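In what follows, a single structure is set out as structure tokens and then discussed.
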Amino acid sequence: MSRSTGVGPADQGSVGARPEGGGQSKWLALLAMLFAVSMTFIDQTIVSIASPDIQSELGLSRDGSQWVINGYLLALAAGFALGGRMADVLGSKRMVLVGIIGFALSSALCGLSPKGSLAETWIIVFRITQGLSAAVMIPAALAVVVAAFPITERGKALAIFFGVSGGLTAVGPIAGGYLTQWTWRAIFWVNLPIAVIAIVLAVLAHIDQRGNKQRIDWRGAVIIAAGMALSVLGFEQANSWGWDSVWTWVCIAAGLVLIVVFVLVQLRTPVPLMKVRIFRDRAFLVDNGVLFFSMMAFVPVFFFASVYSQVSLGFNATNAGLYLLVFFAGFAPAAQISGRMLDARGAKLPMIIGGVLGTVGFALWAVKATDLSLGAQWWSIVLAGAGIGFILGPSSTDAVNRAIDASYGEVTGISQTVRNYGSALGIAVLGTLLGNVLSNRLTTSFESLGMSPADASAAAHEAANTGMGGGGAHGTDMSQLPAQMQQGIETAVADDFAVATQAVLWGMAVALAITLVVALLHPGGKVTGAAPGGGA
């Protein structure tokens, strides 16, 4: 399949770095943007490693611990389209600097989270401002890179941008493991020197900061943010409120209705926040469907596997980071192979291969999760990582190439919104699944240790809702129990959390199976010609 497009918004406006600054200026702009977005990509995995330590020191509930991860992802998803539009209107350089500064300040305040009753609200609020800052920064950074390079060099520049920034997710588990040995607060403070470097490079790169005077659809921004927040909140709180609670279903239903309303409003808005008509293209629709369902496993796996490795396998934070690095042993080479397949044959084949490998990998990982041995699991983890690696690059790139009537910023805003909403929804749904399975299992285990049904149920509920498994043992006054029962409780928590994680991994396998079905609906073909915004 071939096609050509006219000059898109990214080339018409003056919202990036000007090529006339010279070769050095454009590469300096690219380097500055890589430093800027590196904070956000590393953040997707680094916080998961420190989650048990954060929860323990600050006394967070299970829901609170999940919202430390999910608040960031949800804010990123809800604000991405608005961030891209603000970059077009107010200027990319200005919004990049606003995003960097906002992300750095939010990181510093997360690291300064106080203990006590204010802790949970404090860290969740500033994780949300972190996500909003990233939503402002990333599309603006992409616009800078697009505008800095001439069409003939833009493909190479974007390959470097996405390749390096995407690969930085692998840095998170290792960096998080080592920094947490000192203090979990360091995983946030490490962003400060990176932000300073990014700001200095952005200033030196001679990036043009003029924008295009157009309206911003604030109404659409509020509707989509509310819709995403309410739908995720309903799934997130279902374990605490109960599936029979009217509030659970009110939140889920209201959120989904608002998302539908957003689509209808965008179709009738002259200058919309998001050009939803792009979804009329079948390939673009399939690409984003593949992204949505695969991301329900990709980002959540770091959170759940990190806690599992520490609660069930008994790893410390450093070894938990190495445990997650096994995933990237499959992800990294698969991403390289899928990129070559995309260039040669298009996106459909690598997405199908990824769907098959991911479904099998996560299913086998689920089977082996209760063995409590990395030796029994590593090859299935590698396979799961390879599946995701085959999917993400081709689906993201093909989505950009297929959207003829939109700029890079607009298309990226849509795909990133879909990706991060999938991630947030995945953590919410799978977290509820984990909590239900864990509570039921622990109730049975505690009764078998001699607790009364009432005491066993209360202790199990505490374990599932305040400690992600590990807190259940610590939430009870262990010193007052016989040594044999203490040991039995510790063993039960480790074993039952493994069973609960097994259910989560099965859920991820289902998500990848749906991804495979969606990928089969892709029309196929290889896109050639100019991409949105005049890119290659």
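Note that this is a predicted model, so its numbers are computed, not measured.
- Judged purely by distance below 3.5 Å, without hydrogens or angles, the side chains of S65 and S51 pair a donor atom with an acceptor atom.
- The closest donor-acceptor contact from the side chain of N70 to the backbone of A424 lies under 3.5 Å.
- At least one side-chain heavy atom of F362 sits under 4.5 Å from a side-chain heavy atom of I388.
- The shortest distance between side-chain heavy atoms of I391 and L512 falls below 4.5 Å.
- A distance of 10.0 Å separates OG1 of T501 from CG of L433, quoted to the nearest 0.5 Å.
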Scan the side chains in residues 257-264 for donor-acceptor partners under 3.5 Å anywhere in the protein, sequence neighbours excluded, and list what turns up.
none

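- Looking at S396, its side chain never comes within 3.5 Å of a backbone N or O of G393 through a donor-acceptor pair.
- No donor-acceptor pair under 3.5 Å is formed between the side chain of R85 and the backbone N or O of W218.
- Listed here is the closest heavy atom pair of I124 and G64: CD1-O, 4.0 Å.
- The closest donor-acceptor contact from the side chain of S106 to the backbone of F103 lies at 3.5 Å or more, if one exists at all.
- In this structure, W506 and L430 have side chains that are not in contact, with every pair of non-hydrogen atoms separated by 4.5 Å or more.
- Taking both residues in full, the closest heavy atoms of H522 and A283 are given as NE2-CB, 3.7 Å, listed atom of the first, atom of the second, then distance.
- M296 has its side chain out of reach of I514: every pair of non-hydrogen atoms, C-beta onward, lies at least 4.5 Å apart.
- Pairs of residues two or more places apart, or lying in two chains, that qualify as salt bridge (charged side-chain N to carboxylate O under 4.0 Å, His left out) and include a residue from residues 35-47 are D43-R127.
- In this structure, the side chain of S439 does not engage the main chain of N436 through any donor-acceptor pair within 3.5 Å.
- Here the closest heavy-atom approach between residue L324 and residue A305 is recorded as CD2-CB, 3.5 Å.
- In this structure, the side chains of W241 and L233 come closer than 4.5 Å at one or more pairs of heavy atoms.
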Open item on the list: Walk me through whether F188 and V47 qualify under side-chain contact (heavy atoms from CB on, under 4.5 Å).
Closed with: CA-CA 8 Å; F188 295 109; V47 179; 4.1 Å; yes

TODO: Given side-chain contact (heavy atoms from CB on, under 4.5 Å), test L58 with W184 step by step and report yes or no.
DONE: CA-CA 11 Å; L58 298 183; W184 61 263; 3.9 Å; yes

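- The shortest side-chain heavy-atom distance between L31 and F35 falls under the 4.5 Å cut-off.
- Without hydrogens or angle criteria, S56 side chain to D53 main chain gives no donor-acceptor distance under 3.5 Å.
- Residue I187 comes nearest to A50 through the heavy atom pair CD1-CB, 3.6 Å, listed as atom of the first residue, atom of the second, then distance.
- Put simply, CD1 on I427 and OG1 on T432 are 11.5 Å apart, with the number rounded to the nearest 0.5 Å.
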Task: Evaluation steps, side-chain contact (heavy atoms from CB on, under 4.5 Å), between M33 and L142 - done: CA-CA 8 Å; M33 297 306 101; L142 180 62; over 6 Å; no

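- From L425, atom CG reaches atom CZ of F293 across 9.5 Å, with rounding to the nearest 0.5 Å.
- Nearest heavy-atom pair across K93 and A202 is CE-O, 4.1 Å.
- For the pair I123/W67, no side-chain contact is recorded, criterion being any heavy-atom separation below 4.5 Å from C-beta on.
- Summarising the geometry, atom OG belonging to S415 is positioned 14.0 Å from atom CZ belonging to F292; distances are rounded to the nearest 0.5 Å.
- Side-chain N or O atoms of Q266 include none that pairs as donor or acceptor with a backbone N or O of G220 at under 3.5 Å.
- Under the 3.5 Å distance criterion, the side-chain polar atoms of S231 are matched with a main-chain donor or acceptor of G227.
- Here L291 contributes atom CG and D398 contributes atom CG; the two are 10.0 Å apart, rounded to the nearest 0.5 Å.
- A donor-acceptor pair under 3.5 Å is formed between the side chain of T40 and the backbone N or O of V37.
- Taking the side chain as every heavy atom from C-beta outward, S113 and R185 approach each other to under 4.5 Å.
- Between F331 and F298, a ring centre-to-centre spacing shorter than 6.0 Å is recorded.
- Looking only at distances, no side-chain donor or acceptor of T248 sits under 3.5 Å from a matching main-chain atom of D244.
- How far CE of M39 is from CD1 of I138: 9.5 Å, rounded to the nearest 0.5 Å.
- Closest non-hydrogen pair, M95 versus A140, comes out as CB-CB, 3.9 Å.
- Ring geometry, W243 versus F235: the interplanar angle exceeds 60°, so the pair is classed perpendicular (tilted spans 30 to 60°).
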- [ ] Kindly determine whether N191 and Q130 satisfy side-chain contact (heavy atoms from CB on, under 4.5 Å), including the steps that lead there.
- [x] CA-CA 11 Å; N191 290 326; Q130 254 192 322; 3.9 Å; yes

